[in-house]
**Q** 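Below is one structure. I have some questions about it.
Index from 1, following the sequence.
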Amino acid sequence: MVDTDSGWDGRGGRDSYGTRDTGGTWGMRGARAADALPDRRVAAPDRRVAAPDRRVAIPDRRVALPGRRVAAVSLVALAALATGCEPGTATGAQDAPPPARPTQAAAPSPTRTAPVTEDAKPPAAAPPRPSASTAAPAPAPDPTTARPAPEPSTAPPPRVLMRTGSESDRVRELQARLRQIGHFGRNPTGYYGSVTADAVRSFQAKRSLPVTGSTDEVTWGRLLAMTRVPKAAELRPPTERPLAAPDERCLKGRVLCISKNSRTLAWMIDGKVVSAMDVRFGSEYTPTREGVFEVFWKSRDHVSTLYDTPMPYALFFSGGQAVHYSADFAANGYGGASHGCVNVRDKKKVAALFGQVRTGDKVVVYW
């Protein structure tokens, strides 16, 4: 009979380590050792089984979908879910690297360009070639510079009718017409001096005419079109200033009654005014003498030997002082002064006076 509890089968069996069991105490030790070893061997299979469990997970997913293409699609879908909808590789979810966290806005697609605002800087790449529809239009030429330069005129300049130094009834009419429109502030004298030239320049500048100070055909025609024919009182007013009350010494006889206060000369016969005219006197350094005198010499075309200046129609009454026509007075008015003489600016009036006054007629100069 074989004893199954002794661990020996009657054939001289061996223990698990290949030693022969001879019975006795060794056999028991061998049995106990054998009992202990299987415990350790069982633990190893337990660990090995864990790996097949993980490997089986992949075949299970592959079997779930028919065909290798379906398995790849499944893996891509699973990887996409695991990486936030970014495309992954086809080698499995374990091989897909973790998605990089974006730090900047995603770059635009190469086939589409982001809209550019007014504040956006142009891209670093070379700008596209402008097309016919997008090219900036050429700037319009400046109207002030685009006009071609006018060609020099070959027409002769307009003929000059009156200029500085002229003296005539036409000059008197020119002055009267300029006074009508506010360019000449005095009574006409018939002499074209600096005052008249300045008045003509003012008129020419306001009408965009060449500013020359001379009256040419164009200036004269424009003035005629803007004014009316002057009346006789406008052409030859008695004086520019009102006559002063005559001194009592002027009320009898033939008298040249000259007032420094009103700056007028009245030719009077027996208290009646025959003619009157504007006059000016000497400066404070060469004053005109005051008092009662008489005409002792008449000189029609006199020239001063002391100052070498013309003194036409001179009526001498006190030494070298005389009543005479003054071109400077006609031109510059009261802006100047004489060297002591009584200047008259109306040449026609003083010429008529020269013809009427006789030697020995009284002269009264007073304030």
**Q** Using 0.5 Å steps for rounding, measure from the CG atom of Leu235 to the CG atom of Asn187.
**A**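 Output value for this atom pair is 10.5 Å.
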**Q** Using side-chain heavy atoms (C-beta onward) and a distance below 4.5 Å, is His324 in contact with Leu315?
**A** no
**Q** Who clusters with Val255? Use side-chain heavy atoms, under 4.5 angstrom, across I, L, V, M, F, W and Y, and order the result by chain and number.
**A** Val292, Val364, Tyr366
**Q** State, without any angle test, whether Asn332 and Ser194 hold a side-chain donor-acceptor pair at a distance under 3.5 Å.
**A** yes
**Q** I'd like to know if Arg179 and Glu234 make a salt bridge, using a cut-off of under 4.0 Å between side-chain N and carboxylate O.
**A**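 Looking at Arg179 and Glu234, the cut-off is not met.
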**Q** Checking the side chain of Gln204 only, and the main-chain atoms of Thr219 only, is there a donor and an acceptor separated by less than 3.5 Å?
**A**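 Between the backbone of Thr219 and the side chain of Gln204 there is no qualifying donor-acceptor contact (under 3.5 Å).
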**Q** Are Leu161 and Leu178 grouped together when hydrophobic residues (ILVMFWY) are joined by side-chain heavy atoms under 4.5 angstrom apart?
**A**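 Both belong to a single hydrophobic cluster.
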**Q** May I ask you to check whether Gln321 and Thr288 show a side-chain donor-acceptor distance below 3.5 Å?
**A**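 There is no such pair (donor and acceptor under 3.5 Å, judged by atom type) between the side chains of Gln321 and Thr288.
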**Q** Do the side chains of Asp169 and Glu173 get nearer than 4.5 Å, heavy atoms only?
**A**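 Side chain of Glu173 against side chain of Asp169, heavy atoms only: no contact under 4.5 Å found.
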**Q** In the structure I gave you, are the side-chain heavy atoms of Leu353 and Met277 within less than 4.5 Å of one another anywhere?
**A** yes
**Q** How close do Arg186 and Val195 get, heavy atom to heavy atom, and via which atoms?
**A**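 Heavy-atom minimum between the residues: NH1-CG2, 3.5 Å.
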**Q** Met162 versus Trp220: any side-chain heavy-atom pair under 4.5 Å?
**A**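 Result yes, sub-4.5 Å side-chain heavy-atom pair found.
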**Q** Is there any salt bridge (charged side-chain N to carboxylate O under 4.0 Å, His left out) pair reaching into residues 196-225, and which pairs are they, with sequence neighbours excluded?
**A**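 Residue pairs passing salt bridge (charged side-chain N to carboxylate O under 4.0 Å, His left out), neighbours aside: Arg159-Glu217, Asp198-Arg201.
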**Q** Can you see which heavy atom on Ser259 is nearest to which on Ala244, and at what distance?
**A**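 Of all heavy-atom pairs spanning Ser259 and Ala244, the closest is OG-CB, 3.7 Å.
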**Q** Among all residues two or more places apart in sequence or in another chain, which pass the ring pair (Phe, Tyr, Trp, His ring centres under 6.0 Å) test with Phe329?
**A** Tyr334
**Q** Starting from Val200, can I reach Ile181 by hopping between I/L/V/M/F/W/Y residues whose side chains sit under 4.5 Å apart?
**A** yes
**Q** Find the distance between CD (Gln180) and CD (Gln175) and round it off to the nearest 0.5 Å.
**A**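 Result: 12.5 Å between the selected atoms.
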**Q** Between the side chains of Thr196 and Tyr191, does any donor sit under 3.5 Å from an acceptor?
**A**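 No, no side-chain donor-acceptor pair sits under 3.5 Å.
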**Q** Just how far is it from atom SG of Cys250 to atom NZ of Lys362, taken to the nearest 0.5 Å?
**A** 7.5 Å
**Q** Could you list who else is in Tyr307's hydrophobic cluster, with ILVMFWY side chains joined at under 4.5 Å, directly or through other members?
**A** Leu306
**Q** Counting neighbours of CZ on Arg358 that are heavy atoms of other residues, nucleotides or ligands and sit closer than 6.0 Å, is the number greater than 12?
**A**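 For Arg358, atom CZ is not crowded (no more than 12 foreign heavy atoms under 6.0 Å).
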**Q** Quick one: does Val274's side chain get under 4.5 Å of Gln356's, heavy atoms only?
**A**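 Side-chain contact under 4.5 Å: yes.
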**Q** Kindly indicate, with the supporting measurements, whether the criterion side-chain contact (heavy atoms from CB on, under 4.5 Å) is fulfilled by Val218 and Leu209.
**A** CA-CA 8 Å; Val218 175; Leu209 299 174; 4.0 Å; yes
**Q** Out of curiosity, Thr264 OG1 to Ile258 CD1, how far, rounded to the nearest 0.5 Å?
**A**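 Atom-to-atom, Thr264:OG1 and Ile258:CD1 are 9.5 Å apart.
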**Q** Do you reckon Val160 sits in the same ILVMFWY cluster as Tyr192, going by side-chain contacts under 4.5 Å, direct or chained?
**A**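 Val160 and Tyr192: separate clusters.
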**Q** Could you check whether any side-chain heavy atom of Lys347 comes within less than 4.5 Å of a side-chain heavy atom of Thr189, counting everything from C-beta outward?
**A** no
**Q** Just so I know, are the side chains of Val303 and Asp308 near enough to count as touching, which here means a heavy-atom distance under 4.5 Å?
**A** yes
**Q** Roughly how far apart are Phe293 CZ and Ser318 OG, rounded to 0.5 Å?
**A** 4.5 Å
**Q** Test of understanding: clusters of I, L, V, M, F, W, Y form through side-chain heavy atoms closer than 4.5 Å, transitively. Do Val171 and Val344 belong to the same one?
**A**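 No; tracing contacts between hydrophobic side chains, which count when under 4.5 Å, never links both residues.
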**Q** Can a salt bridge be assigned to the pair Arg345 and Asp328 using a cut-off of 4.0 Å between side-chain N and carboxylate O?
**A** no
**Q** Would a 4.5 Å heavy-atom cut-off, applied to side chains only, mark Phe203 and Met226 as touching?
**A** yes
**Q** Assess, by modelled atom type and distance only, whether the side chains of Arg163 and Ser214 contain a donor and an acceptor separated by less than 3.5 Å.
**A**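 Distance-only check fails for Arg163 and Ser214.
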**Q** Show, in sequence, the C-alpha distance, side-chain angles and deciding distance for Arg263 and Phe281, and conclude whether the side-chain contact (heavy atoms from CB on, under 4.5 Å) test is met.
**A** CA-CA 8 Å; Arg263 292 188 285 189; Phe281 306 97; 4.0 Å; yes
**Q** So which atom in Phe184 and which in Ala199 form the shortest heavy-atom distance, rounded to 0.1 Å?
**A** CD1-CB, 4.0 Å
**Q** Salt bridge check: are Lys349 and Asp278 linked by an N-O gap of less than 4.0 Å?
**A**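 Asp278 and Lys349: not salt-bridged.
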**Q** Rounded to the nearest 0.5 Å, how far does CG of Leu251 lie from CE of Met268?
**A**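 With rounding to 0.5 Å, CE (Met268) is 6.0 Å from CG (Leu251).
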**Q** Test your reading of the model: is there a side-chain donor-acceptor pair from Arg280 to the backbone of Gly333, 3.5 Å cut-off?
**A**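 Checking the backbone N and O of Gly333 against the side chain of Arg280, a donor-acceptor pair under 3.5 Å is found.
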**Q** May I ask you to say whether Asp270 pairs ionically with Lys272, meaning some side-chain N is under 4.0 Å from a carboxylate O?
**A**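 A salt bridge is absent here (no side-chain N lies under 4.0 Å from a carboxylate O).
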**Q** Minimum heavy-atom separation for Cys341 to Ser338, with atom names?
**A** O-OG, 2.6 Å
**Q** Go through the side-chain N and O atoms of Thr286 and His339 and say whether any donor and acceptor fall under 3.5 Å apart.
**A**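 Checked: Thr286/His339 side chains show no N/O donor-acceptor pair below 3.5 Å.
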**Q** Checking side-chain contact (heavy atoms from CB on, under 4.5 Å) for the pair Arg236/Lys348: CA distance, chi angles, key distance, verdict?
**A** CA-CA 10 Å; Arg236 286 178 170 82; Lys348 284 194 172 182; 3.1 Å; yes
**Q** On a heavy-atom basis, which atom in Val363 and which in Phe317 lie closest, and how many Å separate them?
**A**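 Of all heavy-atom pairs spanning Val363 and Phe317, the closest is CG2-CB, 3.9 Å.
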**Q** Report the hydrophobic cluster partners of Met311, with the cluster defined as I, L, V, M, F, W, Y residues connected by side-chain heavy atoms closer than 4.5 angstrom, directly or transitively.
**A** Phe296, Trp297, Phe316
**Q** I need the minimum non-hydrogen distance between Ala314 and Phe354, along with the two atoms involved.
**A** O-CE1, 3.5 Å
**Q** Mind jotting down which residue pairs meet the salt bridge (charged side-chain N to carboxylate O under 4.0 Å, His left out) criterion with at least one end in residues 282-295? Sequence neighbours excluded, please.
**A**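 Applying salt bridge (charged side-chain N to carboxylate O under 4.0 Å, His left out) to every pair that reaches into residues 282-295, excluding sequence neighbours, yields Lys260-Glu290.
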